[in-house]
Amino acid sequence: MRLEVRKKTNDEPKVATIDRADFERLMADGWSANWYLNSAGEYRYVNVADPKHKGDNTPVARLIANTPRGRTTQYRDGDRLNLRRSNLA
């Protein structure tokens, strides 16, 4: 499944890829489908607003891989727009 994500409203969209089952689980868990691209230095991450904590954002990869806070989600192919479960560790 492919989703467009942007850093800002008027920016050129990038395409993130996610397994449909993971997308559906996140939607069922109450997460928004309004994802955006966040830059941290040279790296880009796909984030989503936390529905339980207004103003907090969570990397989508962390939600898919169930990465605990304080740990880093690894992208096997180095592509932070590839959110397929098989690419995350």
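Quick caveat, the model's predicted, so the values are computed rather than measured.
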Residues forming a salt bridge (charged side-chain N to carboxylate O under 4.0 Å, His left out) with D77, sequence neighbours excluded
none
Going by salt bridge (charged side-chain N to carboxylate O under 4.0 Å, His left out), name the residues that satisfy it together with R76, two or more places apart in sequence or in a different chain.
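For R76, no residue satisfies salt bridge (charged side-chain N to carboxylate O under 4.0 Å, His left out) once neighbours in sequence are set aside.
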Taking all heavy atoms of L83 and all of A61, pick out the closest pair and write down the distance.
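That would be CD2-CB, 3.9 Å.
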Between W31 and V48, what is the shortest heavy-atom contact and its length?
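Heavy atoms only, the tightest pair is CE3-CG1, 3.6 Å.
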Any side-chain heavy atom of N47 sitting closer than 4.5 Å to one from V60?
no
Under the side chain to side chain contact (heavy atoms under 4.5 Å, CB included) test, residues paired with [X] that sit two or more places apart:
X: A49; value: N57
X: N66; value: none
X: T67; value: R62, A65, R71, T73
X: R69; value: T58

Output all residues satisfying side chain to side chain donor-acceptor pair (under 3.5 Å) with D50, sequence neighbours left out; order by chain, then residue number.
H53
Return the set of residues passing ring pair (Phe, Tyr, Trp, His ring centres under 6.0 Å) with Y75 (not counting sequence neighbours), or none when no residue passes.
none
Tell me, which pairs form a side-chain hydrogen bond (donor to acceptor under 3.5 Å, both in side chains) where one or both residues lie in residues 17-30, sequence neighbours left out?
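Checked against side-chain hydrogen bond (donor to acceptor under 3.5 Å, both in side chains) - neighbours excluded - the pairs reaching residues 17-30 are D22-R85.
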Just do the side-chain contact (heavy atoms from CB on, under 4.5 Å) check on R44 and L81 with the steps written out, would you?
CA-CA 8 Å; R44 298 173 302 177; L81 294 174; 4.0 Å; yes
Distance-only, no hydrogens or angles: does the W35 side chain make a donor-acceptor pair with backbone N or O of S32 under 3.5 Å?
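Here the side-chain-to-backbone pair exists.
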Please check: side-chain N/O of N87 versus main-chain N/O of N82, any donor-acceptor pairing under 3.5 Å?
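At least one qualifying donor-acceptor pair exists.
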Atom pair CZ/CD1 of F23 and I18 - distance to nearest 0.5 Å:
7.0 Å
